[in-house]
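Below you'll find the structure, written out as structure tokens, and then a few comments.
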Amino acid sequence: MIQSILICTPSGKSAVPFDKSQKNKTEIDISKFLSPKINSFDIVIRFSQPIIEFRNHDYQWVNCNSDRIANEFCPKIIKLKDGTLVQANRNIGIWEVNKKLKTVLLWRFNPECASSLTSYIKDQNEVTIQSANQNFNWKQNLAILFSEKNAIEFSRSKIPFTAIACFTDHCDFDTPENLKIQRDFFKRNNVKITKGFFLNHFSKRSDNASFENDAEELSLWQNDGHELAYHSLSQSLKTIPDSFDDFYNFNAPFSGLCTWIDHGFQPYNFSLFKNEKINEQDYEVNLITKNIKILWNYIDSGKATVGVINQLNTKQFTLSSFLKGNKGLRFSKQLQLMTKNMMFHFYGDQELILKYKSIAGNFKKVFHQKDKSKFYALLKDGFGLISSIVSVLAFWNSNKNTPYKLAKYSPILFKHTIFEKEFYIFQTLKIDNFEKALCQLNIDSLIKEKGVFVAHTYFSVPMKYHKGRLFYSKNEINFIVEKNFNYLGLKVLNNEIWNPTLKELVGYWSGFEDILLDVDELGNIVVKNETNIVYRKVL
């Protein structure tokens, strides 16, 4: 079945020896090809016959006339021309098949953009995107399994083979008053969320909610089944010494807190601490001491709209899908949203993003504040941005369906080593228009595809320019958003969608790491190491 196996590392390519006499299993011992310095590698497996079908993210068979990718939490199952089922013995890494090379399977580990982190490590807080540090010191060899009888696929959801809707919320605009309104809203709509909170009441807004002042209300969120997560420690910035004094000396207000969502430019943020030359070991020890195990990578796969909701479906994370999802908006708004989407997601280039932010800021100063001194800077950055837009439009047919580079591998959850210990890192889908993002069409699509989203939200945002926000006014809920959440809640009650908190999702998905399959004497692929993950046979 297998003609050759190569391992590709930054230092070059090497042939991997394997036992051709084994009919149903080919072990791949790569330990001698790896070193502690290697943080990414590919295994190139060439078969003697073409791959004709690929088990997709929606648990359906698809052909290989398009490029196919299976991330950490998707089936790693293919079918060869003679009908043989081929499966990985472990559900780790990424499987990739190129439509032009149908006899080749790539088994990839930490390729570029598959597990990305935001780091503010340059002067003036410029952003860099880095790959996670990953551990490849496995006790069990990798293997390719062959069977004419079956394969086995694993459910991403605790409710077998259903969709997943997970919300993480940033508390920037929470007040004691709107916290209660939000909590009542979620309770009557049967939805749970991971609610960020500020531990300390240090804010430019006197009515900003915090655990220091609003512990009683936030405790009620816990009682309702929500997860509370640190959104840094305070809303506003303190001095650098005071900030780190808070970080190293704070105590968890209750047990079970394990999720940290970066807020703004707090110097102790996971995305920012290296900029302050903080020792990685000291930083890691403090996180472990505080029981923090789950961190946000400060990256969105894209922005949700009609037709853009499933983080596993990379076809949704394209300029074409985003354009279709915003039909009906006035032309100027569509242009603004598309331009921002090009810079932030299609290009994902930090220089262009900075130009976009500069243009947005200077536009307000020139045309709203009548500050003519910013006109030259606006013009200069504008010309730079226009050339990038024209480059996309000039080759629109090839660019429009190209997946965003930070969404290509669906990096929803992965592990990263800060110094010696591993932490779970999650990537989000930006949802700020709940009318479009959670419309019935999207929810039905998510259910049909058995899809997943981990939302990055601001439920209490009050600004009127945020179309489709939860609050129409200070105390009034948007009735269209209420209708959408009511529909979502019904699907949750009917077990068509699993609605975990982030902590619950990570707790379940961590079981994927321990999956181990083998082939028995009769040629059946079997589960050798039972985990908490639900599974079923594929014929």
Side-chain angles (χ1 to χ4, degrees), residues 167-186 188-189 191 193 195-198 203-209 231 235-236 261 263-264 300 302-309 322-323 325-345 353 356-371 374 378 428-440 442 455-488:
F167 295 92
T168 67
D169 185 53
H170 296 211
C171 55
D172 300 30
F173 307 99
D174 283 356
T175 66
E177 185 178 26
N178 71 39
L179 268 178
K180 184 180 185 308
I181 297 171
Q182 289 177 71
R183 182 168 54 82
D184 291 340
F185 168 80
F186 291 120
R188 67 176 175 266
N189 288 297
V191 170
I193 73 168
K195 163 63 81 175
F197 73 94
F198 295 124
S203 173
K204 59 188 177 185
R205 291 189 290 268
S206 60
D207 64 347
N208 199 220
H231 191 32
Q235 197 275 336
S236 295
I261 301 171
H263 164 69
D300 294 319
K303 184 175 179 179
T305 185
V306 178
V308 180
I309 191 64
F322 189 74
L323 184 62
N326 287 302
K327 281 184 178 179
L329 297 176
R330 67 181 187 275
F331 177 75
S332 60
K333 186 63 177 178
Q334 285 192 54
L335 184 62
Q336 179 211 339
L337 290 173
M338 181 55 73
T339 302
K340 185 174 182 180
N341 222 49
M342 283 182 188
M343 302 307 124
F344 278 76
H345 301 300
I353 290 171
Y356 177 86
K357 289 180 176 179
S358 175
I359 289 168
N362 287 331
F363 184 88
K364 291 178 183 178
K365 290 176 182 176
V366 171
F367 292 99
H368 295 288
Q369 300 172 17
K370 308 302 180 184
D371 183 357
K374 301 296 181 181
L378 176 64
T428 48
L429 170 67
K430 181 69 174 292
I431 298 183
D432 56 13
N433 187 328
F434 299 105
E435 293 180 13
K436 284 182 172 288
L438 297 180
C439 65
Q440 184 174 330
N442 272 13
H456 163 199
T457 69
Y458 296 80
F459 280 116
S460 57
V461 66
M463 282 80 84
K464 291 184 179 180
Y465 62 82
H466 277 269
K467 302 299 182 184
R469 63 191 183 277
L470 176 62
F471 284 94
Y472 261 142
S473 61
K474 188 175 182 180
N475 299 316
E476 185 183 8
I477 294 289
N478 181 332
F479 76 93
I480 299 175
V481 176
E482 176 98 45
K483 181 181 176 182
N484 288 348
F485 268 91
N486 184 258
Y487 186 74
L488 172 64

- Message: Pair Phe434, Thr457 - check side-chain contact (heavy atoms from CB on, under 4.5 Å), show working.
- Response: CA-CA 9 Å; Phe434 299 105; Thr457 69; 3.9 Å; yes
- Query: Are His263 and Phe198 close enough, and set up right, to give a ring pair (Phe, Tyr, Trp, His ring centres under 6.0 Å), and what steps lead you there?
  - Reply: CA-CA 9 Å; His263 164 69; Phe198 295 124; 5.0 Å; yes
- Item | Working for side-chain contact (heavy atoms from CB on, under 4.5 Å), residues Ile477 and Tyr472 | CA-CA 6 Å; Ile477 294 289; Tyr472 261 142; over 6 Å; no
- Query: Is there a side-chain contact (heavy atoms from CB on, under 4.5 Å) between Ile309 and Leu429 once you walk through the steps?
  - Reply: CA-CA 8 Å; Ile309 191 64; Leu429 170 67; 4.1 Å; yes
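Ring orientation note: the planes of His170 and Tyr458 are tilted relative to one another, at an angle of 30° to 60°. Using a 30° and 60° split on the angle between ring planes, Phe185 and Phe485 fall in the perpendicular class, above 60°.
Looking only at distances, no side-chain donor or acceptor of Asp174 sits under 3.5 Å from a matching main-chain atom of Asn208. When atom types are taken as modelled, the side chain of Thr305 and the backbone of Val308 share no donor-acceptor pair closer than 3.5 angstrom.
Between the NZ atom of Lys327 and the CD atom of Gln334 there is a distance of 9.0 Å, given to the nearest 0.5 Å. Of the inter-residue distances, the one linking Asn484 atom CG with Asn189 atom CG reads 10.0 Å to the nearest 0.5 angstrom. Rounding to the nearest 0.5 Å gives a distance of 10.5 Å between OG of Ser460 and CD1 of Ile181. Here the CZ atom belonging to Arg205 is positioned 10.0 Å from the OG1 atom belonging to Thr175, to the nearest 0.5 angstrom. With rounding to the nearest 0.5 Å, the separation of CG in Leu337 from CG in Leu329 is 6.5 Å. Atom CZ of Phe344 is separated from atom NZ of Lys430 by 8.5 Å, given to the nearest 0.5 angstrom.
Closest approach of Leu179 and Ala209 over heavy atoms only: CD1-CB, 3.6 Å. Across all non-hydrogen atoms, the minimal contact from Cys171 to Gly196 is CB-O, 3.1 Å. Summarising the geometry of Asn442 relative to Ala437, their closest heavy-atom pair is ND2-O, 2.9 Å, with the distance given to 0.1 Å. Between Ala455 and Ile431, the shortest heavy-atom contact is CB-CD1, 3.6 Å.
Under the side chain to side chain contact (heavy atoms under 4.5 Å, CB included) rule, Asp432 has a single partner from Lys467, Lys303, His456, which is Lys303.
His231 has its side chain out of reach of Lys195: every pair of non-hydrogen atoms, C-beta onward, lies at least 4.5 Å apart. Under the 4.5 Å side-chain criterion, counting only non-hydrogen atoms from C-beta, Asp172 is not in contact with Val461. Within the 4.5 Å cutoff, the side chain of Phe186 has heavy atoms near those of the Phe459 side chain. Looking only at side-chain heavy atoms (C-beta outward), Asp207 and Glu177 stay at 4.5 Å or farther from each other. Counting heavy atoms from C-beta on, the side chains of Asp300 and His345 come closer than 4.5 Å.
Ion pair Lys180/Asp184 flagged as a salt bridge, since at least one NZ, NE, NH1 or NH2 atom sits closer than 4.0 Å to an Asp/Glu carboxylate oxygen.
Between the side chains of Glu482 and Asn486, no donor-acceptor pair is found at a separation under 3.5 Å.
Annotation: side chain to side chain donor-acceptor pair (under 3.5 Å) contacts of Asn478 (sequence neighbours excluded): Glu435.
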